[in-house]
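Given the structure is predicted, the values throughout are model-derived calculations rather than measurements.
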Amino acid sequence: MKKKHLALVAASVAALVALTGCGAKKEDAGQAEPAPAPQVQTEVTEFQYISAADLEKIVTDNNQEYVIFDVRKKTDYDTEHIKGAISADVDSVVSEEKDEPAKANVQAAMASTDLEGKKIVLLCYSGKRYAQASTNILVGEGIDPAMIFTLEGGYKGWTNTELLEK
């Protein structure tokens, strides 16, 4: 029983230390004030994932029920992206904790296509932080979370080079 209690206390302390360290930037580590939090909501609902095989079929069939937002950095989008994807760079929220540039990029992507009744597939690096940031922005813009999907595994999960544009 003591071993379980000790393990629980150790895990709690480790979690507290990890969480405390995540809030400060390296150069601010010695200061008492935490780094400012991003203005974009940090949590939404659970992600809905779409497999690479399903997205491949959507792209191949030119399925008009879906629109793909590539939320990676614009320079990465310009280097290579899935055919038909629209750039909606949200890097400023993830790396700099500035939501306005990311919101403007997502709003521009939304304005560039008719979203009425369409499902949005988010393409990010790994299907985590950039997807969360863009989902938060989209929900904030009034998009129903049920209409938002994230590519499982992100861009790393995409293997069909024939459906890439440069």
* Asked: Any donor and acceptor pair, going by atom type alone, linking the side chain of E96 with main-chain N or O of D91 inside 3.5 Å?
  -> no
* To do: List the atom of V139, the atom of P145, and the distance in Å for their closest heavy-atom pair.
  => CG2-CG, 3.8 Å
* **Value rounded to 0.5 Å, distance of OG in S134 from CD in E141** => 12.5 Å
* To do: Could you give me the CA-CA distance, side-chain angles and deciding distance for N136 and Q132, then say whether side-chain contact (heavy atoms from CB on, under 4.5 Å) is met?
  => CA-CA 6 Å; N136 294 344; Q132 183 68 66; 2.9 Å; yes
* **Whether over 12 other heavy atoms sit under 6.0 Å from E162 CD** => no
* Is any side-chain heavy atom of Y130 less than 4.5 Å from a side-chain heavy atom of K73? -> yes
* To do: Nearest 0.5 Å please: distance from the OG1 atom of T135 over to the CG atom of L122.
  => 5.0 Å
* Would you indicate whether the side-chain heavy atoms of L138 and F69 approach each other to under 4.5 Å? => yes
* Do the side chains of K166 and H81 get nearer than 4.5 Å, heavy atoms only? -> no
* Between S92 and A102, which heavy-atom pair has the shortest distance, and what is it? -> OG-N, 3.1 Å
* Asked: Are K74 and N105 side-chain neighbours, meaning at least one heavy-atom pair lies under 4.5 Å?
  -> no
* With respect to R72, which candidate in T75, D76, D70 satisfies the side chain to side chain donor-acceptor pair (under 3.5 Å) definition? -> D70
* Asked: Given a cutoff of under 4.5 Å between side-chain heavy atoms of I, L, V, M, F, W and Y, with clusters grown through shared members, what are the other residues clustered with I82?
  -> I50, L55, I58, V59, Y66, I68, V121, L123, F149, L151, Y155, W158, L163, L164
* **Minimum heavy-atom distance A109-S87, with the two atoms named** => CB-O, 3.7 Å
* **Side chain to side chain, K118 and T113, heavy atoms closer than 4.5 Å** => yes
* Asked: Does some side-chain heavy atom of E80 sit less than 4.5 Å from a side-chain heavy atom of E165?
  -> no
* Asked: Hey, does K119 have a side-chain heavy atom less than 4.5 Å from the side chain of I148?
  -> no
* Straight-line distance of L115 CG to I143 CD1, nearest 0.5 Å -> 5.5 Å
* **Listed partners of S51 passing side chain to side chain contact (heavy atoms under 4.5 Å, CB included), at least two apart** => A53, D54, E152
* **Donor-acceptor under 3.5 Å (Y49 side chain, G127 main chain)** => yes
* Compare every heavy atom of A85 with every heavy atom of Y77, then report the nearest pair and how far apart it is. => OH-O, 2.8 Å
